[in-house]
J.: 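Here you go, one structure.
Just so it is clear, the model here is predicted, and its values are computed rather than measured.
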Amino acid sequence: MLTAVGKRPHVPMEKAAFERWLESVSTSFLALSDQQRNQSLDHLISLSGAAQLRHLSNGLEALLKRDFLRLLPLELAFYLLRWLDPQTLLTCCLVCKQWNKVINTCTEVWQSVCRDLGWRIDETIQDAGHWKVVYLKAKLRMKQLNEEDAFETSSLIGHSARVYALYYRDGLLCTGSDDLSAKLWDVRTGQCVYGIQTHTCATVKFDEQKLVTGSFDNTIACWEWSTGAKIQQFRGHTGAVFSIDYNDELDTLVSGSADFTVKVWSLSAGTCVNTLTGHTEWVTKVHLQKSQVESMMHSPGDYILLSVDKYEIKVWPIGCEINCKCLKTLSVSEDRSVCLQPRLQFDGRYIVCCSDLGIYQWDFASFDVIRVIKPQQEPSSLSLLGFGDIFALLFDNHHLYVMDVRTEVIVGRWPLPAYRKSKRGSSFLPGVTSWLNGLDGKNDSGLVFATSMPDHSIHLVLWRENG
């Protein structure tokens with residue numbers, strides 16, 4: 001019987017018959033090639049009405065848009081997220097509430113991206129939200145470094161003649177001048193805290209009670225801040241004293257001079273207890289430091305003296321014997337064709353010094369050169385200010401540079417004025433250096449760099465507050 005429009009009425013198959021038919025069709029479908037399957041589906045879709053197409057659309061969305069982050073175990077989700085770059089992670093936080101929740105609970109992921117940016121990680125803080133905020137702050141700071149917007153400048157004015165000596169600690173900068181004075185400045189306020197009359201200062205070092213100065217008049221003096229009185233004088237050098245260091249625990253003062261010698265003094269008595277010879281050039285830097293490593297020549301906790309001239313670094317034991325012998329002499333060229341710059345860093349583990357060939361790092365346990373950093377981009381010749389596990393602070397005649405030592409890439413720079421040049425390296429210095437081992441959101445503040453200017457002022461480069 002036909003209907004009024006000439007079509008047979010739809011008669012549903014019996015359930016059993018339909019199941020047999022479906023099984024037979026399924027078996028035949030699975031035997032087809034991919035192209036034949038696609039043609040079969042196209043044909044069925046062309047025969048489908050609105051109800052079937054709607055059903056198909058809903059089913060496909062569930063099959064093709066499966067939320068893997070929701071379905072995976074949390075450990076696997078965290079593992080996958082570690083492969084994403086930080087910007088993609090932030091974008092993923094916007095996908096849905098579930099994704100945002102998962103990503104914001106993955107502490108290791110955010111710690112990892114912070115570490116990649118040179119941030120110091122406190123493993124005791126396991127709050128992922130904290131590290132996400134730290135990442136955003138770190139990203140801003142690195143952007144500021146890259147865009148020459150991380151620092152600001154100021155000046156200290158008060159000396160009436162050239163300033164040759166600078167020393168910084170705990171927010172205070174000491175300056176020694178040819179105007180026969182030394183001044184102590186609060187870097188934050190720019191105010192002079194103390195000023196005392198001295199001799200011509202080639203080098204200075206201070207603590208809370210005293211100031212020690214090395215002079216072009218071949219002497220060293222110790223002064224009391226509170227009264228300005230000279231409480232000790234050290235005579236014995238026959239050339240200008242370019243560098244000093246002292247240790248109250250050892251009651252020891254060491255000095256390097258233009259007379260090619262290093263002298264060891266009793267800090268309290270003012271007497272010379274030893275004169276170390278072997279240098280054939282001006283001794284421009286001396287440095288006292290405890291060893292932190294073991295070797296055949298020294299043990300952890302031993303006090304070590306390093307002295308530097310134009311070509312060599314000499315290593316001496318201190319506090320063991322009066323007539324100490326040089327443990328080791330380091331250089332970057334056997335024929336003295338390459339000069340060392342008059343700056344040295346020694347933390348008890350590594351010795352770092354700069355030359356025209358690059359930045360050299362020696363392992364203090366073996367005295368082997370373990371690394372030479374040669375800038376791969378302009379400028380190719382840089383001087384060293386500070387060297388850490390993550391960053392190095394460098395400079396040339398025109399700019400201050402921040403290098404990521406892990407990649408040896410310059411990540412920031414800052415223009416410098418025409419500062420006073422010094423062959424002994426005493427007219428410029430770094431400020432706070434703890435950030436070189438990793439930023440932490442607190443150590444990127446205060447003084448970065450100070451240098452004396454031709455007009456006798458002090459030019460300061462400081463961290464700009466990280467908004």
Side-chain angles (χ1 to χ4, degrees), residues 164-165 167 176 198-205 211-223 230 232-248 250-289 291 297-298 302-334 336 338-346 351 353 355 362 367 422-427:
Y164 248 10
Y167 186 81
T198 62
H199 45 188
T200 57
C201 296
T203 180
V204 295
K205 183 178 179 179
L211 165 70
V212 180
T213 58
S215 176
F216 293 107
D217 67 10
N218 308 345
T219 69
I220 304 160
C222 184
W223 315 79
K230 184 191 295 183
Q232 195 59 265
Q233 188 153 15
F234 307 79
R235 295 182 180 275
H237 279 297
T238 58
V241 179
F242 292 147
S243 181
I244 55 171
D245 201 0
Y246 65 83
N247 185 284
D248 288 308
L250 292 176
D251 187 33
T252 296
L253 168 75
V254 293
S255 57
S257 169
D259 63 12
F260 303 171
T261 69
V262 176
K263 288 188 179 291
V264 183
W265 312 79
S266 166
L267 184 58
S268 58
T271 55
C272 180
V273 298
N274 205 351
T275 298
L276 309 179
T277 60
H279 285 285
T280 57
E281 299 284 344
W282 290 358
V283 181
T284 55
K285 181 70 176 178
V286 290
H287 184 73
L288 275 174
Q289 177 69 43
S291 170
M297 300 180 183
H298 52 77
D302 290 348
Y303 277 96
I304 300 295
L305 166 64
L306 267 59
S307 57
V308 184
D309 65 26
K310 189 176 181 180
Y311 301 107
E312 296 177 337
I313 302 170
K314 290 187 178 293
V315 182
W316 313 83
I318 289 293
C320 303
E321 52 182 323
I322 294 178
N323 297 315
C324 64
K325 303 294 185 183
C326 179
L327 298 177
K328 190 72 175 179
T329 299
L330 307 174
S331 64
V332 297
S333 62
E334 295 183 2
R336 294 194 163 202
V338 181
C339 297
L340 295 174
Q341 295 179 3
R343 306 204 64 78
L344 175 82
Q345 183 171 313
F346 176 48
I351 300 171
C353 197
S355 77
W362 288 268
F367 294 114
S422 166
K423 292 181 179 180
R424 297 174 293 100
S426 61
S427 60

J.: In Å and rounded to the nearest 0.5 Å, what is the CZ to CG distance from F260 to L276?
T.: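 It is 16.0 Å, given to the nearest 0.5 Å.
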J.: Between D302 and S291, is there a side-chain donor-acceptor contact under 3.5 Å, judged purely by atom types and distance?
T.: no
J.: Exactly one of L267, V264, N247 should register a side chain to side chain contact (heavy atoms under 4.5 Å, CB included) with L253. Which one does?
T.: L267
J.: Quick one: pull up CG in L288 and CG in L305 and give me the separation to the nearest 0.5 Å.
T.: 5.5 Å
J.: May I ask you to check whether H237 and D259 show a side-chain donor-acceptor distance below 3.5 Å?
T.: yes
J.: Which atom names give the shortest non-hydrogen contact between C201 and Y164, and what distance separates them?
T.: O-CB, 3.5 Å
J.: Mind checking whether W282 and F242 have ring centres under 6.0 Å apart?
T.: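 So the answer is yes for these two rings.
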J.: Quick check: closest heavy atoms across I244 and G214, and the distance to 0.1 Å?
T.: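 Looking at all heavy atoms of both residues, the closest pair is CD1-N, 4.1 Å.
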J.: So, for V241 and T219, which heavy atoms are closest and what is the spacing to 0.1 Å?
T.: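 Smallest interatomic distance, heavy atoms only, reads CG2-O, 3.9 Å.
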J.: Work out which heavy atom in V338 is nearest to a heavy atom in Y311; give both atom names and the distance.
T.: O-CD2, 3.7 Å
J.: Using a 3.5 Å distance criterion without hydrogens, assess whether the side chain of Q345 forms a donor-acceptor pair with backbone atoms of C353.
T.: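 Flag not set: sc Q345 to bb C353 has no pair under 3.5 Å.
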J.: Donor-acceptor pair, D251 side chain versus S266 backbone, under 3.5 Å?
T.: no
J.: Considering the options I351, T284, V286, which one meets the side chain to side chain contact (heavy atoms under 4.5 Å, CB included) requirement together with L344?
T.: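 The side chain to side chain contact (heavy atoms under 4.5 Å, CB included) with L344 is passed solely by I351 among I351, T284, V286.
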J.: Between the main-chain N or O of S215 and the side-chain N or O of T200, is there a donor-acceptor pair closer than 3.5 Å?
T.: no
J.: For K263, check side chain to side chain donor-acceptor pair (under 3.5 Å) against everything at least two apart and list the hits.
T.: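 Listed in chain order: T275.
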J.: Check whether T252 reaches the backbone of L250 with its side chain - one donor and one acceptor, N or O, closer than 3.5 Å.
T.: yes
J.: As an exercise, state the distance from CD1 of I304 to CE of M297, rounded to the nearest 0.5 Å.
T.: 10.5 Å
J.: Are T213 and T203 packed together at the side-chain level, in the sense that at least one heavy-atom pair is separated by less than 4.5 angstrom?
T.: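 Not touching, per the 4.5 Å side-chain cut-off.
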J.: Which atom pair, heavy atoms only, marks the closest approach of S355 to C339?
T.: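 So the minimum-distance heavy-atom pair works out to CB-O, 3.3 Å.
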J.: Could you pull out the closest heavy-atom pair between T277 and T261, with the gap in Å?
T.: CG2-CG2, 4.4 Å
J.: How long is the straight-line distance from CZ of F367 back to CD1 of I313, given to the nearest 0.5 Å?
T.: 11.0 Å
J.: Who are the side chain to side chain donor-acceptor pair (under 3.5 Å) partners of W265, not counting sequence neighbours?
T.: S255
J.: For S307, give me all partners under side chain to side chain donor-acceptor pair (under 3.5 Å), at least two apart in sequence or on another chain.
T.: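 Scan of S307 (side chain to side chain donor-acceptor pair (under 3.5 Å), adjacent residues dropped) gives H279, W316.
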J.: If you look only at pairs with a residue in residues 305-317, which of them pass as a salt bridge (charged side-chain N to carboxylate O under 4.0 Å, His left out), with sequence neighbours excluded?
T.: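 Pairs touching residues 305-317 that pass the test: E312-K314, E312-R336.
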J.: Y246: what forms a ring-ring contact (aromatic ring centres under 6.0 Å, His included) with it, not counting sequence neighbours?
T.: none
J.: Can you name the residues that form a ring-ring contact (aromatic ring centres under 6.0 Å, His included) with H287, not counting sequence neighbours?
T.: none
